Each structure stands twice: as C-alpha cells, then as structure tokens.
Amino acid sequence: MIPAPFDYKRASSAAEAISIVSQYGDDAKFLAGGHSLLPLMKLRLAQPAVLVDIARVNDLSYIRDAGDHIAIGALTRHTELERSSLLQQHIPLLSHAASHVGDPQVRHRGTLGGSIAHADPASDLPATTLALGATYVAQGPNGTRQIAASDFYKGFLESALSADEMLTEIRVPKMDGAGWSFQKFNRRAQDWAIVGVAAWRKGSNAGVALVNMGSTPILASSVNQAIAQGASVEDAARLASSEAEPQDDMNASADYRRHLASVLVRRALEQSSR
Amino acid sequence: MKVSMKVNGVSRDGDVEPRTLLVQYVREHLGLTGTNIGCDTSSCGACTVHVNGESVKSCTMLAVQADGCDVVTIEGLAQGGEMHPMQKAFMENHGLQCGYCTPGMVMAAISILKENPSPSEEDVRIGLEGNLCRCTGYHNIVKSVLAAAKS
Amino acid sequence: MSRSGVLVGGSILGNRVLRKEDPKFLTVGGKYVDDLLDESLLAGALHVTYARSTVAHGNIRSIDTSDAASMPGIVAVFTGADLGLTPQPATFNPMVARSALAMDKVRYVGEPIVAIISETREQGEDAAEMVIVDYDILEALTDIEKALTSSIHIYESCGSNAVFDTTALGMPDNTGDAFFEGCEVVVKQRVLNQRVAPCPLEVRGAAVAWVDGRLYQWLSTQHAQGARDSIAAANGLEASQVRVITPDVGGGFGAKIGSYPEEQLLGRLSKEVGKPLRWRETRSESMMALGHGRAQVQYLTIGGTRDGHVTAYQMHVLQDCGAWFDMGAILAPFMTRPMSSGVYAIPKIECRTTSVITNTTPVVAYRGAGRPEATAAIERAMDLFAAEIGMDAAEVRRKNLIPKFDEPHTTVIGQTYDVGDYEVALDKALTAANYKDLRAEQARRRSAVDVKQLGIGVSVYVEITGGVPPMGETAKVEITDDGRAVVYTGTSPHGQGHATAWSMLTSEQTGIPMDNIELVWGDTDLVPSGGGTMGSRSLQQGGVAVFKVAGQVVDKAKAVAARLLEANEEDIVLDRDRGAFHVAGTPAVAKTWAELAVASKAEGGLKHEEMHSVSGATFPFGAHVSVVEVDTETGKVSLLKQIACDDAGKVLNPLLLDGQIHGGVAQGAAQALLEEVRYDADGNPVTSNLADYAFISAAEMPDIQVVHMETPTFVNPLGVKGIGESGTIGSTPAVQSAVVDALAHLGIRHIDMPCTPMRVWEALHGRK
C-alpha cells in the first residue's frame, strides 16, 4: 500500500533531470504523472531508490501543428489529448484512444510520454501511436535522437530508452481523410484491454496495431500489407495475430485472444473503411 | 521534505517523507479524514480529491507532487453551512448508504460536470468508471449527478 | 400498548423520508475506525501489521523475525510461540482448531503468522517484508472436489477434509436416481456457485486501548455485542471487561459479522507493549483474509412430467469452507437446504450438504448467506427442465408456483413460510419488463441471425429473513429533560439508514420530531444486548422493538400526565402533532414531553427498555427479469435492463427500500457476470486486488427498475419483512438465465457463473 522509501528530486529542465538520473543509473526513475509507476511502487513491485520528478519541466506540455505531423510534448496529459481540437481534427484516432485510458482521474494526471516510456503492451497509447507511425524524440546525456515507434518497444516494460534517457516529444503524422477505429475489449470500463485494436485506413493504406497481444504493442504488419495489396477486410482480419504472441492469463486464453483479435481487427477495418 | 499547498482555500505547510501519499497527507497530517482509502491499486476512487480543479486519485499522487497546488477535499465544498449542489443532490436522491465511497464519488461527479455540464446518463456512468460503490448499485448515484446537472 | 401497524395517511410511516445521517457523510465524511485521530484514549497509539503466509499449505519449519525486529521504528515483533498461543477450537466443530497466529502449519495464503508493532504504519509494512518464514510446502488443495476425496487432510485431527455433513446430523442421505422413478423427464447438472469476495469499500480495521483494566476495542463490525463476546473469550476475559465501540462502518455484507483472529489478538498485543494500538489491513490483505462468500458446487437433478410439472428435485451441495470452520461451513445445511424448494410446490425434495475444508480463505456469510445459492440452484434447475421440455421459462415457473397463501405454508423439505403471493410478483415483473415484446424482439434477432442476440432471464424467489438467533431485539427509549428522545438499539447500521428509519418509528409513536431523536447503537457499554445487523433482521426485529418500546414510553408518559393533570389515565391522549399530552377534550391544558421527563426524574426518568421477541422468521419474495445482449462473436455480455419486483411486506421508507434493492441487484449481477475469486495451481490467489477482481462499476450497470409490492406478514405488528438481501437473491439467477437464454436457440443449456466473455465464447464453440 505504501511504497518503499526513496529519495525525491525535482527537475526544472530536461537536462537537469537527465543529469540527476545519470548519477544514479538503474536506481533512479523519472516521475511524470506517476500513474504507471506509483501503482507498481505501492505494491512494491518497483522500488527505485530515487524518483526524479519531471512534471514541472518547462515547456514539455504542448500540442503543435508541425505541418505534416502534430508535435506533442511528452508531458501532455491524456485529458489534454482527449480535448485537443487540433488532434480531433487531424488525428482523431489518438484523441479518441486517449479518452479510453483508465478513468477520468487517471487521465487528469497520466502523460503521453509516461505511458509510452512505460512500454506496457496492455496500454492503449503505445499501440495507437505505433499504428499511426509515430516517432518518439528522446533526450539523454549524449543529446537527442528520434526513434520510430516500430523500433521502440523491445520487450515487456522494456523500451529502446536507456535508463538516463527521457522522452521529450512525440511526433504523430496527421491522418486527415482517413477512416479510423479504436476497439477496446475489456471486462469493465476501467480495465486494461483484454485485446485492443487501433486502426486507420485511407484507401489502400492502413495502420493497425494490437493492444495486449504480446510482450510489446504489436504492429499488425500482415494486416497492413494485405490491405495494401487489395485484400478484403475479412481476409486481412484473418492475419490479425500473425505478428502476435498472445498470453494466457486470468482473463483470456491465448486462443481466445487470437479469436478476439481477428474479430476486432475486422470490425476496426470495417469502421475505418466507411 | 517540506510541502506547501492550498487545501480547501487555506495555505497549509507540512513535512513529509517523499513516499507519503497525498491521501495520507490530507488524512493524517491535516486531519481531513473525509477522504478515504478503499484499495491499493488505484481502482476504487474513494480517495478522489481536486488538484488544481481536476479530479485526481490522491492515493496515486505523492504529497510532494502536490506542492504548490490547490487541493480541494470533500470538507471544502460546503460554503457557510450551505451544501454544494452536488451534495444536496446526493442527499435528495439517496445517493449514499454507508458513505465510504461518497466523498470520492461527489468529487469525481463535480469534475465530470465541470468538463461536461449536460451529460447523458451514459456519460455519467462512464465518467464514474473509476469510482466503485458496493452499497448503492449506482442507480441513485447516477440519478444524483443528473439531478445536480439540471439544478 | 399503543395500537400499532395502522399505516394510513397522516402517518410518517410509508413515506419517502430523506436520511438525517446524510449531511454529515456528505460534508465531513463518516468517522470510520481509521478516522479516530482525535480519540484521546488512543493517544500515542502504535500500529500493528501482520506478516502473512505466502504459501497455501505448508508446515512451518522456522520463523525468523530478527531482521524485521531491527528495522527502524519497530517496537516489538511477536510470533504465536512468543505469545504462547494455543490452537482454539472452531465454534461449530471443535475438531477444527487453529491458533490466531499460525505456528506449526499454514493453511491458506494470507493466514497471519507474525504481529509487528511499529511507530508508523509505513514502518510496519517495511518490517513485514523482512520476516522470513521457512515452509515445508504441502500440496495445496484449492479445488473442493479434490479436497473432498484427498487423503491429505488439512486439519489432521479431522480424518477428512469433509468436516460437516447433513447425514452426520441424522438427516437422510440422497437416494440417487431411484428418487426419479416415474418421472417422464429427468435433467442433471453440476452447477458452480462460485467463490466471491464481499469487498466492502472499507476494509477491516480496529483500535484498542486498556482503560482502567478493561479492554476498549473500536471495531468495524456488524455486531458489537457478538464481537465483544468473542474478543473477551479470545483474551480470557469476562464479557463485562470488554467494551466494543462501533464507529461508522463502510459496508459489511456479512463479512464483518464475526471477529477475526487479527482483531482478537489486539488486546493481548496492546498489553504486551503497554500502548494503545491501531490496525488496518490493506485491500490486498483484505482480498485474502477477509472472509469470502458463496463457494458451492451443486449437483442438481430435477424430474417431472412432459407437460411441465416438477415432481422431484434432488441436490447434493458441496460447501467450500475455506481453511477454517467459519460461518460459511454451516450455510449449506442451515440456509441453502431449508430454502431448496424455493417458490415451487415440489412434492419430493431431498438435499444433502457436505462442507469441505480447502486451502483457501475461510468462507463466511455474504449477502444472502446460503439463500442466493438455493435460489440460483432451483432457478437453474427450472430453466434446464424448461429447456428439456421446450417450455417458456416464465410459463414453467407459473405452472409450479405455490399458490397464494396467507397462512403459513410448509414445504416438503420442512421449511414453513409466512405469507406468499408468488404469481402476482411474477406477473408484475413480466408486465414491467414488457415480456411479450422482449420475446418478439428476441425472435426477430434470431431469425435475422443478428450478431447481438437478446437474452431474457426470469427468476422467482423466496428467502428467509430474521431467521437466526436472537429471535428478537432490545430497544430502549429515553426522553431527555428537553423533550428529545434517545433511542438505543441492538441493531448496527452500516448504510441501511437506521438512524432515519428508527427515528421515523419513534416519531410516529411519540410525536417527537425526527430531528429531536438520536439513535445510539454499537457501543456495548451503552447497548449491552443486541443481535447486530445481518440476515435482513433489523427492521422486523430491531425496528419493531423500537416501535413497541416507544409505544410503551408513551403509555408510561400517559400515566405521568394523568398524575400531573389529575385525570384518569384512560382519558389522556397524546397529540402527536404537538408532542403533548392532555385530557381528551381539553387540549389547552397539556404537558409536553419535556415536562413529563422532568416530572419523572424521581422515578428514574421517563424511559423504557425491553427485549421484544418475534415468533419466527419472515419470507420476502419476488420476481426479477434481466435483459442482456450477448455479442455472439466476442462473447461479451451487456446488461440492458434489470427489473426487480420484491415484496418485503409493508414498506417503512421506500427511499431506503429501493436503495437496498439497487445495491443487492448490482452485487447479484456482478456475481453472474464478472466476479470470481481464483487461485492458481499452487493455491496462490490471483484476484487479490480491485484491479484483478472484477468489482462491478457504474459503467456495467443499467438502471434498475423497481416494482413495488407489499404483502404484509402477520409475524410482527408492522407487517414488515427484511429487504437487505432480496435484490441479490433474485438478480443473480435472472442474469445467468438471461445469458443462457440468449444462446438457447444455438443449443446451449448451461453456462457456469461468472458468464465472462471467454466462458460464453467457449460455450458457443463447444469447448471446455
């Protein structure tokens, strides 16, 4: 219920935060909204010795029109994504997916950067930004670099970020003119998805990614390619689990997950194709 | 560590461990026991307060994170002995039984209406997805929130 | 004795009266046990944390508390051996014995082993992690059918894991298939009534202090008097040496009826360290160590004629006790079995129950406590029978209902019901549900092969309330010098609104305004005798006692008024509107309650206290209809509508009544669709927090349509029964029935609860 003891430092710039974390290496974690990290710490599943609070780092919360993409500051909260008219206009899949994360209280605190960096395959926004072909901007002691979403997720709660790197910006291509769908299948509204699908389609271009179908968010490349090659929605949906390694857990067997994935991908593509 | 925040309109200073949760700070350090703890996985919402005008689960926030913020708890709603319209609506519609989820429920409901002043019933039900109640079956809670929206 | 039970216009009884408790709860919140920060007797209190077993079944080789004891802020650490604890026998089966802290053996994950006393709660949690227990791990028996036949005995002295059986009580064993000779149709089904967690929003908590040689214990409980007795016994004290004080309680649902080892130990621990103590479990602890509910496996056989008459019904119930002989162990024989006939006139019934110990959390009473299980069983059996003969679910029920009765009716299993009008309840529910239109819509969707199919479930139930001792309740009403009434009750509200309801009853009798009536409960020094709040007993026993005693105070007041007004007692009338007594015909010369109270001082005050017994239990009944939509591609079930017609006799306050029904319906629906306590193969609980355990939220619940029906009982002068558990009892089978009904045209006859999407999908695809 109560986290193990730790030291707390507050950073006012990304550079400062990175510098503090560099000192402590694996013993330190960045703290943004805290809604991925603090629940783990309260159950003592995570026990970092140092938390570096970056929530007040200047100018990392924004949603800006950058021409062919929208640039989103890593500290932008889910509630801001949900209500952003810029996103509703140019990337409605993202603003809609953000409205499904957790519950309203979670969305008031959780950040896009935090959710992505946490790299939980069962979270909604990693898969959604993956489907949208996003690029993540990371800053570390050696400077900044851009990481394609498709290169970012390495394993369960494991990303391409090193311990002393933090996300500063998420760049998401605009999807004007595309149909889209977000299918979140869960037991209760506040739950993580048992299986989720984020999808967009414009003509023969499609981006489909899966939530909770493996140790990382899964880009359904076979589905995307099938659509590109003119396959029907039904045929493409049959390939839903081609890249996935669904787990058996208390809520669903791997078989059932595969079944759900094909149904939900089909429904997502149908909706995106209207 | 020192923390300083406005709580129910009053400036409060405190000294906490970094790991002290905001809900613990409010309850144990400030003696505002209206806010309750119902779980340890950020699921139940009994700890919901307002931080800078938005509903937040105070169990999933460190007191140090709320340094410099404006915090409102259930105790800060009624003004001069007059209940807030949401509190009145809950009373008039029997929106509480044992009362344990109630402070969090009321704070969450006020936040819902702030962001969506004319919600549908479905909006209210989904808006309360993060607030669990074992006693009421939610029927009268939803009724209370819709009544408050009309008033 | 004042004439009672006449509920006509001008009376407050029967009215929708808002709760006087609410302003406090809404503005500053309730004062639950963990909120007692200003209690002077608890000044300087230390904190207790329990280190618990991480193994489901094992012999303890060693317990190393040295690391824990050397952590910052740790005042003391105790094992059972440190305290010299010895195994104590279970109340209902002395062969089953355990010590409050596990010493030689652990029998479920979560069983307390070590008590840690610390300055702060955080330090206690830090230290609990440092306790090292070395176990010889034994095979975990979490499956009841396996535990029943296993040669591994969880309590070795019992010789079996079956620790209670109706045949051992002299009741006959079932006669097997021969019972159904002559039946044209026989259907068998194994049914699971799964283990659920009560999940009150407030977990368990307590605080203790020794005051002038007496043990004071503040406790989140449903029954202070019972807790006082069990805590006294556990501490080797006389009951008079213990005072239990009940603060506001954030829900109980049956799980807070009895006291637990963690609570019983606190007095001893406080003595050891010489300081008051506070204890509060975390939710994760509560999911493992607060008692669980239901947990029955039922083997059902139902037989009858092709034209729809049920002629024989047989049950063998396996009741999972968990790892202790707690109240759960006796629910199957003493609650489920007697109610096995339900609302039906079944000419032949036999029911055997066997209670089995397993390596799981002990099972206790949980909203309905044995009766939901009985109803779920007979309703499932009726549906299976209906499916076998191709008859509509409502029609087959109607054919078998016990006809209306206003004199006691005894079923063939031997339970006598008070009054019942089951067919009217069924009709009311079906009408409210627009049953014919629903069937038409269902048919339309079936012929269109809609992905989303409609399911309609019907249940008709009867349940027993107020059926456990004490068969009656104590009330005391005292008038203060300023004309207010203080009412002492043996009930123990934790959301039911007794402060309002008992004030209504008192105001009705005395004319004293609601706001001038104060309710006192739950403090054993102020209310030494009481039955608590459980089993939906409170209104029919506690409320009736308050009503009668208030009437007796009115009689006493009349005598005092007669003396003061120099008149005959029989000429004195109480003007309830004014709260004043006068000679009939001379209203101008009156005595107020305040004046009479002052005048009574010499005789010890104007008050009366009495224990009013009732002649028996009462039997609320009703019918529920549930409408669900099943996505046949994913298996997801959505609840569209819940209709509840519940008859609990006369209605005192429809506001409170509806609230109880709503809450019960949600819990019942949650069991049918979502909730289940699960263990892995090693006996580790996998649903032990509120993220993993599917506690239903507002987003999954529809509106609940309550249909009112009142058939007064003769058992008490107010004509009231209990409503607290009816909503749960009626809704669970209706929802389960609706899910199966949605898929019946595809040949599906049964799906065990909870009807999760995966279970539905597996049923659709013939998998298991």
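All chains are named by letter (A, B, ...) in the order of the sequence lines, taking the proteins before the strands, and each is independently numbered beginning at 1. Quick caveat, the model's predicted, so the values are computed rather than measured.
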Where [X] and [Y] come nearest, the two heavy atoms and their spacing:
| X | Y | answer |
| --- | --- | --- |
| B:C69 | A:R56 | SG-NH2, 4.3 Å |
| B:P18 | A:F6 | CG-O, 3.3 Å |
| A:K42 | B:S42 | NZ-OG, 4.4 Å |

Which atoms of [X] approach chain A - backbone, side chain, both or neither, heavy atom under 4.5 Å:
| X | value |
| --- | --- |
| B:M61 | both |
| B:Q65 | both |
| B:S43 | both |
| B:C39 | backbone |
| B:N52 | neither |
| B:S55 | both |
| B:L62 | both |

Residues of residues 95-113 of chain A contacting chain B, heavy-atom criterion under 4.5 Å, by residue number: A:G102, A:D103, A:P104, A:Q105, A:R107, A:H108, A:R109
Is [X] in contact with chain B via its backbone, its side chain, both, or neither, using a 4.5 Å heavy-atom distance?
| X | answer |
| --- | --- |
| A:L31 | side chain |
| A:A55 | neither |
| A:L40 | neither |

I'd like to check A:R77 versus B:E54 (side-chain heavy atoms, cut-off strictly below 4.5 Å). Are they in contact? yes
Output the option from B:T41, B:L21, B:I37 having the highest count of non-hydrogen pairs under 4.5 Å with chain A. B:L21
For chain A, which candidate among B:I112, B:V56, B:L128 shows the most heavy-atom pairs at distances under 4.5 Å? B:V56
Interatomic spacing from CE in B:M1 to CG in A:D7 - rounded to 0.5 Å: 9.0 Å
Ranked by heavy-atom pairs below 4.5 Å to chain B, first place among A:G34, A:A4, A:P5, A:P39 goes to A:P5
Decide if atom NZ of A:K29 counts as having more than 12 heavy atoms of other residues, nucleotides or ligands within a radius under 6.0 Å. no
For B:D15, does the CG atom have more than 12 heavy-atom neighbours from other residues, nucleotides or ligands under 6.0 Å away? yes
Please, which pairs that meet ring-ring contact (aromatic ring centres under 6.0 Å, His included) have at least one residue in residues 104-151 of chain B, sequence neighbours excluded? B:H139-C:H662
